[in-house]
Novice: 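Have a look at this one.
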Amino acid sequence: MFENIYPQLIGLCTGSLLLTSALMVWRHSLLASIRLLALQGIALAALVAVIGIAEGEVEVIVVSLLILSVKGIGLPWVLSHQSKAAIKHVQESPRLNPTAALLAVTLLTILSYVVVSRVVGLGNTSTGHAAPIGLAMVLIGFLLLISRRRARSQLIGFLLLDNGIATVTFLTSGGVPILLEFAFSLDVLLVVLILHVFTRRMSTKFGGTAVDQLRELHD
Amino acid sequence: MTGIGAGLLLHTETGTGLLMQTGIGVGLILQLGLGALAVVTALLAAPSVRSRAGGILSTLIAVTGFVTGLAAMLGSTGGLVIPIALPMDPLVLAPDRLGGLFMLIVSGVGILVSLYSMSSTRGPDASRTAWVAMPVFLVGMQLVPAATDSVSFLLAWEVMTLGSTVLLLADHASRASVASAGIWYSAMSQLSFFFILAGFAVLAAASGGTSFINLQAIEPGSAAANVAFVLFLLGFGGKAELVPLHVWVPRVLPEAPSHVSAAMSGAMVKIGVYGGLLVCVRLLPDGPAWWGIAIMLVGGASALYGILQASVSSDLKVLLAYSTTENMGLVFLGLGASMLLRGYDATAAADAALVAALLLAVSHAAFKSTLFLGAGAIIHATGERNLDRLGGLGSRMPVTAAAFGIASLGAAAIPVTSGFVAEWMLLQSLIHGGRQDGAVVSVAASVAMPLAVAVIALTAGLALLTFVKAYGIAFLARPRSPEAADSREVPYLMRISLILGALAVLALGLLPGPIAALVATTVSRDPASAVQAVGLGGVSLPGIGAVLDPIMLVVLSALVAIPVLVAIIISARRYPHRTVDLPWGGGGSRARPRMQYTATSYAEPLMRVFDDVLKPSRDVQVTHVAESRYLVERVRVEQTVSDVIEIRLYRPVLNLFQRYGVVVRHVANGSIHRYLSYSFVALLIVLIVVSL
């Protein structure tokens, strides 16, 4: 029974990962982006759980719980910790218009399929077939990093990139030891906390968080 | 001549960890330990005791280095093996005789400088940073000659450079010129380091190892050896202040605190000379003839250019800095001559020239560090280093004056000082080197040697003028400024190190025989046939047939001079001196300090003679009296001599870099998005390329 729906479950999880990534590029509202990020975290946790159940490893299932708590709940909570009202008004004016951005997402996804199939081969397993999604998420995260003006939106791009790396890891090697995964997650949490504090200081000091206005270096 | 550190390596093939082999090993460990202790002390000590504690520990470091160097020079072997995880030869610190000699030179200067700095440092010179950098600098310098593989050599070299850069920057907050000097120094020392690194890399690639034993296996005539030689000449020449890589010298040595200038000029520059000897005598001996000629050319040009600039300078420390370039030029001239002569099997003359070069390095360490410390004493007492505003210090600072005077005699190569012995030996080897048993050894040598003699003769003459000016204007006559008139003798620790330096200059000059014989053992294959000690500390060059015995000279001249002096004293008693105020003043006494010669006016004839080379710029402003154009109220003359090489060679290159920097500013405009885009595009390109 489970063997039959396993490929479909993998497809569902990775599909929702890619969909949330594309939506993150499309939507300009910060609140929407944070919600999509939470959704993506949950999808990633589900993907890990599916892999864990398929391979019958309890450790991987524990990792999936960890991912759910950090990426599905923890990080979005930290990001939206500021008053909801303030975030609602934050509208991103990206350097790329939505149509061009979505076109770029398509091209990047195609590129990652080409690269993975040429370089490592897709293999016969359903996880191997889904592996390019991870690379595509990394590239889309990078695209968000360079196209968003505000520091907090760039942070979301960075987290998307990190999710992509995690996806590639789980799809190609069935996950990393729990201790390493724990360390990675805490690292990312720490980075986000630091950047969050930093962003706050930026907006109190300069009255905005538009990164492209910060050009001059000072001692 | 066996491979450097070869025996040690064989002994310790099976050993692991930090090995203490012999007394030398203990000495090296002690230096490292004392260095660490000095750094910690400087960090923790209260400002009131920092200079005292740092100075004592630095002196201990230098004394340990001195003893270790002496032991190594006398033939003790052993050292430290530091295994490393990287796939290359282990780091071995094991000074051979030559390394021992240079460790001795460097730490000898270190002792003088540490004693001096204990009471000379104040304000920013005595800051925590400066006192941390001091032991680092000393230990780095003392370990370079101990290295027997390229990696530890380069490591110690960088430690030395780092320490000296920090020390130089001690006073950067109050004077803008220090910051500019710091930039020049960093750039030039990194350039030197780059060349040396590249040289070692070429040799290591050709030989397949990083230790000096492996590098010694390379054929000196091969292409790799030729490339490495040029790179090494540029690298070590830069550190040894040779033209055209000397541009940092007239900025850095004057701007650094005086004890640091003394250490740089007296000791660090010698490490550059050691590098040259390491390459030409140890690693790649018996190179082609053009190596010797190239070194002679560079050395001769440096000697002439350095002393010309020094002779017209009126800034005391700039004068001393340029004179360092001159002396190092002479050292390299001797080294080049010895290489050239050895190529034609004129071994005796070649050995004599090499020993002369080494003696010159030793004596330069003694007299130049004393001179820089003396300049520091003058600055300490008056706050002035412009000779035109000094004068009359002789009666006010007698100890400083005596020490500076003796060291000036050494720098001008006057008999009974160390400088004279070295230049005498160099001249002997050059004059006799061109011929062997009456026959000309080669055309190249018979052309090069007389030219070199001419260069040394001109240099010696100009050096005499330069140091007569430096001593006479600063210490004799009447004070030219109120600061000079109010000067007082410096504290006793500074006086002690000045006296020690002056004594070293005299000892090296009066006992050249034993010292030269000892120095000859460090480089010569057959030291007894090259140099021998004769008489009361006299020196003899058996291969050339020349003998010099300074003590006998002194005794002889005393025998002549004493009766004359006695006669003068008796006649002076009989006819007492009649004091007349200014016989040409028409009865008035209007002799004012402004009527005296100044440094600028003393050098004016020289400036005229060498006008085309020095290209001075003069600015004369005449202010007339309002009533009459024929009466002059005041005349203001300003004359600056700029470094021709800097303007013609360095400025265009620097301007090119400046323009490049302006263009590149558009590419890197500070926008984080742009930088991220660069990495994104690079990532995409890599992905596309790998999937093609």
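To find a chain, count down the sequence lines: A is the first, B the second, and so on, and within it residues start at 1.
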Novice: With a 4.5 angstrom heavy-atom cut-off, which part of A/L145 approaches chain B: side chain, backbone, both or neither?
Specialist: both

Novice: Which atoms of B/L692 are under 4.5 Å from chain A, going by heavy atoms: the side chain, the backbone, both sets, or neither?
Specialist: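 The backbone, not the side chain.
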
Novice: For the CZ atom of A/F142 and the CG atom of B/L676, what is their distance to the nearest 0.5 Å?
Specialist: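 A/F142 CZ to B/L676 CG: 6.0 Å, rounded to 0.5 Å.
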
Novice: Can you confirm whether B/R175 is buried at CZ, in the sense that more than 12 heavy atoms of other residues, nucleotides or ligands lie under 6.0 Å from that atom?
Specialist: yes

Novice: Counting only heavy atoms from other residues, nucleotides and ligands, does the tally under 6.0 Å from OH of B/Y678 exceed 12?
Specialist: yes

Novice: Which distance, rounded to the nearest 0.5 Å, do you find between the NE2 of B/H673 and the CZ of A/R148?
Specialist: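 Here the rounded value is 10.0 Å.
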
Novice: Would you give the length of the straight line joining atom CD1 of A/I146 to atom OG of B/S679, rounded to the nearest 0.5 angstrom?
Specialist: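 That separation rounds to 8.5 Å.
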
Novice: Rounded at 0.5 Å granularity, tell me how far CG in A/L139 sits from CZ in B/F680.
Specialist: 5.5 Å

Novice: Checking A/L108 against B/L684 for the side chain to side chain contact (heavy atoms under 4.5 Å, CB included) test, could you report, in this order, the C-alpha distance in whole Å, the side-chain angles of both residues, the deciding distance, and whether it holds?
Specialist: CA-CA 9 Å; A/L108 290 176; B/L684 287 184; 3.8 Å; yes

